[in-house]
Amino acid sequence: MPPVATRNMDRRRFLSLTTAAAAAWPFANMSQSIAADRRVRMKDNPFSLGVASGDPLPDGVVLWTRLCPEPLTPNGGMPPEDVQVNWQVSTNEAMTQIVRKGMVTAPADWAHSVHVEVDGLESDRVYWYQFKHGTETSPVGRTRTAPREDVLLDQFRFAFASCQHYEDGYFNAYQKMSQEDLRLVIHLGDYIYEGASRKKNKTRPREHAGPRLAELQDFRIRHAQYKLDPHLQATHAAFPWLVTWDDHETENNYAGFIPQKGKTSIEAFPQLRANAYKAYYEHMPLRRTAVPQGPNMQLYRNVVFGQLVQFSVLDTRQYRSDQPCNDGIHSPCEEVFNPRSTMLGETQEAWLQQKLVSSSSQWNVLAQQVPIARINYHRPESTEELLISMDKWAGCDAARRRLMKFFDESRITNPVVLTGDVHSNWVNDLRLDYDDVNAPTIGTEFVGTSISSAGDGPRIPKDSAHVLSRNPAVKFYNRERGYVRCEVTPQQWRSDYQVVEIVSQPNQPCVTRASYVVENGRPGAVEG
Ligand code: FE
Ligand code: CA
């Protein structure tokens, strides 16, 4: 049972999210006169998908919403014209101390999504924000700016998550996360899944709307359906997010312009990718730098929290080499060792190196998708020496080695990698050479499990003993659902693995399963 103060705060937050219209709207006269001529008649509240904020800077943050009164219908129940939306930022939750406000166009071509890049705010400060169209108001969101670049915070708390297959389970993990005290949430991809709806059953409690995703309209409906989840919506409203994608926002295991084998044709894939990227931008609190151009979208970027922590948010899908050896889990074919293979593409790789070399942060974090540590999936009954997953960095051995060598030779301060994708929790030592048990540890990888993908999962996986004995660089391995909460100080990094045993039913508890720490200057995590 949380202390009384926390419960009151939670209750207030809950009320503000559900009865948003009660908030004052101090600039009503100005906004109504302009909004009146362009107001669109809607039978339901257009802010059904909630609000979000993201990519904080010391003086501002991105505010997001999308007007969508009928979320599961084509065009979201909106007319084919642009509409005007008012926004305001306040220093109190009651929205009575307004410090910034304005009006913005929600373009019909962009699904009436709204992206406001607010500036002129104070650094390292909590703000609340709200949107209005006509007489309809959005829920009130809470956000926080980053500290100034010369400030060394004494503590930074955030959480990271990935892989939220809507059909596989309830978002019980977000129910807990939305109640946490965090500065930031990071999403590492598989925010939506592209499959057609499948019938519900005992272990698959929810059902996708619509067909397998290919058309823009279907991507939009899928994003809207996910955003309707109350716990996902509450977590967006509670904290600023940093988002990046993996494969399922587009298509399983695609690589660059190469679609998944046996699904989309190579000719049709660029249009599908353009549709996927556009819908992703429309539904995320991203800056203008991420506006897609056809099938291209620049998502990789750097976000700095003063002198304490720098996040390099990566995109390991759009520019990567194709998975070698026909994808899947195999012993490595020759292509795995192709020196030209890449996970980031040349431009992003050079950008990353430049950002890391010029960083003055105590912790240098990669927020990215697939595991970097080489995991040997050798099974007891198999005679193979080494079995690796071709979709991961291990399948791009040259790229993996280049990154490890770079960490090492450039003496990057405290490199930490955050990873999603594999629907399981891992704590891994990052090494150049996994065949040499005495190879030095260069960095630390925290792999976070899925929010819901794969459904209810075991605390001790069947292959646990074998995986741990075969992979001395692995410190922790677990297959429950959940997320990872991190607490960073100048001296120590701490990751608390939050797990939910049951996602096949709603309202299930979330507990701390394990904690691992990294001490400043000593790569590799130990149980803490
Ligand atoms: Fe996934
Ligand atoms: Ca994935």
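Just follow the structure's listing: the first ligand is 1, and inside any ligand the first atom is 1. Here, residue 1 is the first one in the sequence, and each next residue gets the next number.
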(message) If you define the side chain from C-beta out and look only at heavy atoms, does anything of Arg301 sit under 4.5 Å from Lys355?
(response) no
Spell out, as yes or no, whether a donor-acceptor pair under 3.5 Å connects the side chain of Glu445 to the backbone of Ile372.
yes
Are the side chain of Tyr226 and the backbone of Tyr166 linked by a donor-acceptor contact shorter than 3.5 Å?
yes
- Query: Can you find a heavy atom in the side chain of Val503 that is under 4.5 Å from one in the side chain of Gln508?
  - Reply: no
Output for pair (Arg470 CZ, Asp463 CG), nearest 0.5 Å, gives 13.0 Å
- Query: Do other residues, nucleotides or ligands put more than 12 heavy atoms under 6.0 Å from the NZ atom of Lys261?
  - Reply: yes
- [ ] Look at the side chain of His115 and the backbone N and O of Met284, then say whether any donor-acceptor pair between them is shorter than 3.5 Å.
- [x] yes
Taken by chain and residue number, the protein N/O/S atoms under 2.8 Å from the Fe ion (ligand 1) read Cys163 SG, Asp190 OD2, Tyr193 OH, His423 NE2
Residues passing the side-chain hydrogen bond (donor to acceptor under 3.5 Å, both in side chains) test with Glu487, sequence neighbours excluded, are Gln155, Arg157
Within a strict 3.0 Å cut-off of the Ca ion (ligand 2), protein N/O/S atoms tallied 4
By ring pair (Phe, Tyr, Trp, His ring centres under 6.0 Å), Phe171 pairs with (sequence neighbours left out) Tyr174
